[in-house]
Amino acid sequence: MKAKPWLFEARPLRVMPFLKRVCLVGLSVTVVGCKGDDSIGTDPNAPTRGFRMGFSALPPRFDDATVIAVINHWSPRADAAIIHVSPPWQALIAGFTADTAVRALVLPLAQIYRTKNLQLFVVIDVTDGLNRTAEAPELRALGRSITEPAIQAMYRRYAMAVAQIVQPDFLGLAAETNLIRLAAPRAVYDAVVRMTNDAARELLNARVATDLFVSVQVEVAWGRLQGGSQYIGVEDDFRDFPFMRALGLSSYPYLVFPNPSDLPDDYFARIPNGRTLPVVVVEGGWTSGAVGSVQSSPAKQAQYVVRQAQLLERASAVAWLQLTYTDLDVSAFPPQPPGSSLALFTQLGFVDTQLRPKPALATWDSLFALRRR
C-alpha cells in the first residue's frame, strides 16, 4: 500500500533542544513528592492499575520559567518520567567526551526526576525523530552518517555514559525501528541494527543494571500508516534486536482511526505476540483538535485516555509515558513548509499552552489515583 502523504513529515514530539536550559535551571524546580498510589489500607476490591504513568519535560515554548512550571504541574500526578533525547552529535564529533555531554545535558534533569521519586525511562533516538526517512539533522549538516564506524563508536560511548551515569530503570537504544525499516534507506536501518546490538553487548558485558529495549510504531505494526488494514506485526524487530528486555510502543491512533472506540481490544496486546516481556508506551496520544482529515475534540481525547488505559491493562503494560503534557505553541517552532503536518501534533497535551486543563486531565488524574498493583 502507498504510504499516506503525512506519514514521514515533521513531528515535533521528540525534539528537546531546550534540554540544556532545563538542566541549568533544574535546581529551581519545586520538589513535590508523588502521591501514594501504593498506599496501604485501601479497599482490596477497589479498581487498580498495573502501570506507572508520567510525562517528559517538553514545554509549550522554550523558556526557563515555562519549563519549570510544566515539570511542577505534572510531577504530582506521575510516578514515572521519560527523557527522549538524540546524541549531541555536533559536540561528540567536535571532541567532547560522551561522559561530559551526559553529565551536562542529561544527568541534571534525571536528578530532578529522582528527587521526585519517579521511575526513569530514557530513549536514545538514533535517526531524525521528525522524519524517519532521514538521519539526524546534526549529522546531515556535517555530512556524516550512522553508517560510519566512527559515528557508531560515538553512539556506543554515549549509550554507555547514559547507562552508567544516569542509571535509568529502562533504556531505549533506538526509537520506532519498524518505521525506520519502512521509511529509511536500507543502509541506515542496517546501521541502526548494528550499532544498537553492539551497544547492548557492551552494556551487558559491563553489567549495567537497566532493562534495554527499542520502541516500535504501533500503527505501522497494524499496517494502518501504510494505508492498509492488514496486521503486519514486529517479528522482524524481535529478530533484529534480540537484546530487548522490554518492548517500547509509539502510538498516535487518531491519525488512522476516527474514534477511540474503533481500536481493537488487542491493539497493544497483540504486538508482543505471546511474549511476556514488559510493555511500555513511550510516546503517543490523541489530539484534542480538528485538523484536516483528523476530526477530534477535547471530549474524544478524554475518551481515548480511558480507552488507552483499557488497552494497557490488556497488554499487561508496566508504564504509560506521554511526551507532551502541554499543547505546543506553534509560534515557538521555526516556520513550517507548505503542507506541514505540525498542526496534527500540537494539541496532544492534557493542558493547553497556558497550562489550563482539558477534560483529559481529570480522566488521567482519576486513573493515577488508583492504587498501582
Side-chain angles (χ1 to χ4, degrees), residues 1-15 84 123 125-135 172 174-186 188-189 192 214-238 240-241 247-273 279-287 289-296 300-301 304 307-308 311-312 315 321-324 336-337 339-348:
M1 288 289 185
K2 188 177 187 298
K4 297 190 177 184
W6 38 259
L7 173 56
F8 307 124
E9 291 180 2
R11 289 186 291 170
L13 301 177
R14 286 167 293 276
V15 183
H84 194 125
V123 174
D125 207 334
V126 297
T127 65
D128 189 343
L130 303 179
N131 179 3
R132 289 301 179 199
T133 67
E135 297 198 50
E176 297 186 324
T177 53
N178 58 337
L179 182 52
I180 296 172
R181 186 170 60 251
L182 173 67
R186 184 68 195 194
V188 170
Y189 177 72
V192 172
V214 300
S215 73
V216 296
Q217 218 293 319
V218 175
E219 285 70 55
V220 170
W222 280 86
R224 294 285 182 162
L225 276 188
Q226 300 90 305
S229 59
Q230 181 178 358
Y231 180 79
I232 297 171
V234 295
E235 289 306 301
D236 287 346
D237 301 85
F238 283 114
D240 292 343
F241 307 98
L247 176 64
L249 301 182
S250 163
S251 181
Y252 301 89
Y254 64 92
L255 295 173
V256 292
F257 289 97
N259 300 293
S261 59
D262 297 330
L263 274 64
D265 288 341
D266 60 348
Y267 195 60
F268 294 160
R270 189 174 181 180
I271 308 297
N273 196 21
V279 172
V280 182
V281 172
V282 291
E283 62 174 292
W286 193 285
T287 184
V291 182
S293 61
V294 174
Q295 297 298 306
S296 189
K300 278 191 178 183
Q301 184 186 44
Y304 180 66
R307 183 59 173 152
Q308 183 163 348
L311 299 175
L312 289 165
L321 289 308
Q322 178 156 316
L323 296 183
T324 48
Q336 298 297 302
S340 169
S341 61
L342 175 63
L344 288 170
F345 300 96
T346 57
Q347 298 181 68
L348 288 165

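Note that this is a predicted model, so its numbers are computed, not measured.
Side-chain contact between T177 and D240 is absent, with no heavy-atom pair separated by less than 4.5 Å. I232 has its side chain within reach of Q226: a pair of non-hydrogen atoms, C-beta onward, lies under 4.5 Å apart. For the pair E176/V220, no side-chain contact is recorded, criterion being any heavy-atom separation below 4.5 Å from C-beta on.
Q217 and Y252 share no side-chain donor-acceptor pair at under 3.5 Å. In the model, Q301 has no side-chain atom that pairs as donor or acceptor with a side-chain atom of T287 under 3.5 Å.
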Under the side chain to side chain contact (heavy atoms under 4.5 Å, CB included) rule, what do T324 and F345 come out as? Steps first, then yes or no, please. CA-CA 9 Å; T324 48; F345 300 96; over 6 Å; no

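Rounded to the nearest 0.5 angstrom, N273 CG and E235 CD are separated by 4.5 Å. Between L249 atom CG and F268 atom CZ the span is 6.0 Å, to the nearest 0.5 Å. Note: S293 OG to L344 CG = 7.0 Å, rounded to the nearest 0.5 Å. Atom NE2 of H84 and atom OG of S215 lie 6.5 Å apart (nearest 0.5 Å). With values rounded to the nearest 0.5 angstrom, I271 atom CD1 is found 8.5 Å from S251 atom OG. D237 contributes atom CG, which lies 4.0 Å from atom CZ of R181 (distance to the nearest 0.5 angstrom).
Between S296 and G289, the shortest heavy-atom contact is CB-O, 3.2 Å. Here the closest heavy-atom approach between residue V126 and residue V192 is recorded as CG2-CG2, 3.8 Å. In terms of heavy-atom proximity, W286 sits nearest to N259 at CH2-C, 3.5 Å. Considering all non-hydrogen atoms of both residues, Q322 and L348 come closest at NE2-O, 2.9 Å. Nearest heavy atom pair, residue P253 against residue G285, reads CD-O, 3.7 Å. Shown here for Y189 and D236, the closest heavy-atom pair between the two residues is OH-O, 4.5 Å.
For F257 and Y304, the distance between ring centers is not under 6.0 angstrom.
Under the 3.5 Å distance criterion, the side-chain polar atoms of K300 are matched with a main-chain donor or acceptor of Q295. With N178 contributing its side chain and V234 its backbone, the two residues share no donor-acceptor pair below 3.5 Å.
For the side chain to side chain contact (heavy atoms under 4.5 Å, CB included) criterion with L247, the lone passing option out of V216, V282, V214, V281 is V216.
Salt bridge D262/R307: absent, no basic N to carboxylate O contact under 4.0 Å.
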